[in-house]
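Below is one structure, written out as structure tokens, with a few remarks after it.
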Amino acid sequence: MVKLDPSELPPPVARALLARGTQVPPLAWHEQPNRAAKTALDELKSDAALMGREAIASGEMAAAARALLYLWNGWPAEAAMYAHGAAEREQQYIQALTERQAGAYPAAKTAWQQVGEHPIFAELAAFAQQAIPAKSSGPLKRLRDVIDFAGQWEPHLFTDLCDQAASGKLDLAAEELVRRLQCCELELLLVHCCEAATGAKLRRARSAAPRPAAPAPRRPATPAHTPAKPELTSDGPRKPRPVLKPVELESGIGIACPKCRAVKMVPESRRGATDTCPKCRTVFQVPARPAASRPAAQP
């Protein structure tokens with residue numbers, strides 16, 4: 001599991017979640033359906049049985065948790081059926097996940113618009129900032145830049161990233177990161193639903209993302225007083241080459257248009273100013289730099 005300690009979950013939920021094993025699953029979960037997990041979920045006739053309790057606080061959120069477990073184990077039709085009994089926002093969220101898993105990316109984006117903001121987005125954005133290397137490039141860098149700039153999760157960009165991964169446009173390392181982000185998203189949403197269904201808080205895992213690789217050892221610096229040796233040529237010693245000073249360029253950052261979600265790169269100096277979307281010509285305000293958040297206290 002990426003973010004979650006399964007022992008904190010209700011036992012029936014933990015068993016259904018672990019039915020896939022501990023490895024990161026493929027991009028499309030329905031390509032490897034788990035029939036044993038489906039049978040076990042079918043046998044849990046009541047929400048109380050699923051939550052491992054005599055009574056629950058919210059049947060709607062228990063239905064959402066059951067739908068997520070069916071989706072996770074590769075049964076999208078059953079997930080869609082149980083999602084109809086979920087709370088409205090979670091119903092739209094599960095629909096967005098189901099459409100994205102099926103490769104219906106425009107329909108998934110439409111569902112994201114109905115979801116709007118969600119309580120798990122902040123923690124999901126923090127995981128993405130830890131998991132995506134700072135020196136990454138291409139679509140992964142674009143997603144991280146937008147998250148760093150806006151300080152929030154961007155589901156539309158991640159949907160595009162899933163599309164590129166499914167189309168084979170990402171390398172293996174980038175695709176695995178996409179699969180890990182999908183796992184983290186489902187786990188966070190499942191915890192959110194279980195907490196609302198049972199009325200009890202669950203603990204998160206302490207380590208959420210892979211540790212960065214150790215930096216390479218530095219070469220010993222050349223003493224400042226050591227003169228550089230001149231290069232020899234047929235005409236005699238060559239004069240030392242002049243040292244060119246690096247040109248400082250103003251860094252830019254991507255920001256998603258609030259209307260059409262197209263991403264535009266704007267310089268850091270534009271924070272707080274107004275700008276225009278090159279696609280739909282919507283005028284919007286570039287967000288100011290978010291305040292630095294304090295590190296969460298360890299339990």
Side-chain angles (χ1 to χ4, degrees), residues 1-4 17 20-34 71-74 76 96-109 111-112 120-189 205 207-218 249 251-257 261-266 278-279:
M1 297 295 100
V2 178
K3 285 281 296 177
L4 187 61
L17 188 66
R20 275 197 175 274
T22 57
Q23 299 298 318
V24 180
L27 284 168
W29 300 332
H30 60 274
E31 292 179 354
Q32 296 180 5
N34 189 315
L71 183 62
W72 170 251
N73 283 289
L97 293 180
T98 304
E99 299 286 7
R100 196 178 71 198
Q101 282 284 308
Y105 302 109
K109 290 183 177 181
W112 289 127
I120 74 167
F121 281 177
E123 197 167 354
L124 186 55
F127 176 82
Q129 287 174 313
Q130 291 178 314
I132 301 175
K135 294 184 178 180
S136 59
S137 59
L140 277 174
K141 182 179 186 301
R142 182 185 181 194
L143 176 63
R144 172 161 178 164
D145 285 348
V146 171
I147 293 174
D148 290 344
F149 184 77
Q152 60 186 5
W153 177 247
E154 179 42 65
H156 293 81
L157 271 184
F158 185 62
T159 298
D160 291 337
L161 194 59
C162 291
D163 185 5
Q164 291 169 320
S167 302
K169 297 178 180 179
L170 303 181
D171 58 35
L172 292 179
E175 181 187 323
E176 184 179 358
L177 261 177
V178 172
R179 291 189 283 124
R180 285 176 58 82
L181 286 167
Q182 281 199 137
C183 291
C184 178
E185 182 179 26
L186 180 127
E187 291 169 14
L188 288 174
L189 186 57
S207 178
R211 296 181 180 179
R218 296 182 178 179
L249 298 177
S251 60
I253 197 70
I255 179 171
C257 171
R261 313 306 296 179
V263 176
K264 178 181 181 181
M265 298 301 296
V266 296
K279 183 176 180 181

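Model, not experiment: these values are computed from the prediction.
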To check you understand the geometry: which heavy-atom pair defines the closest contact between Ala125 and Gln152, and what is its length?
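Closest approach of Ala125 to Gln152: CB-C, 3.9 Å.
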Could you give the distance from [atom1] ([X]) to [atom2] ([Y]), rounded to the nearest 0.5 Å?
X      : Y      : atom1 : atom2 : answer
Lys141 : Lys135 : NZ    : NZ    : 13.0 Å
Glu154 : Ile147 : CD    : CD1   : 8.5 Å
Ile120 : Glu187 : CD1   : CD    : 10.5 Å
Gln129 : Asp148 : CD    : CG    : 5.0 Å
Leu170 : Leu27  : CG    : CG    : 8.5 Å
Cys162 : Glu175 : SG    : CD    : 10.5 Å

Please determine whether side chain to side chain contact (heavy atoms under 4.5 Å, CB included) holds for the pair Glu123 and Trp153, giving the CA-CA distance in whole Å, both sets of side-chain angles, and the decisive distance to 0.1 Å.
CA-CA 9 Å; Glu123 197 167 354; Trp153 177 247; over 6 Å; no
Do [X] and [Y] have side chains that get closer than 4.5 Å, going by heavy atoms?
X      : Y      : value
Gln182 : Phe158 : yes
Pro25  : Arg179 : no
Ser136 : Leu177 : no
Leu124 : Leu189 : no

Partners of Thr159 by side chain to side chain contact (heavy atoms under 4.5 Å, CB included), sequence neighbours excluded?
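With neighbours one apart ignored, the set is Arg100, Tyr105, Ala108, Lys109, Trp112.
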Would you confirm whether Glu99, through its side chain, and Ala111, through its main-chain N or O, come within 3.5 Å as a donor-acceptor pair?
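Between the backbone of Ala111 and the side chain of Glu99 there is no qualifying donor-acceptor contact (under 3.5 Å).
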Geometric class of the Trp72/Trp29 ring pair [parallel <30°, tilted 30-60°, perpendicular >60°]
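It falls in the perpendicular class, over 60°.
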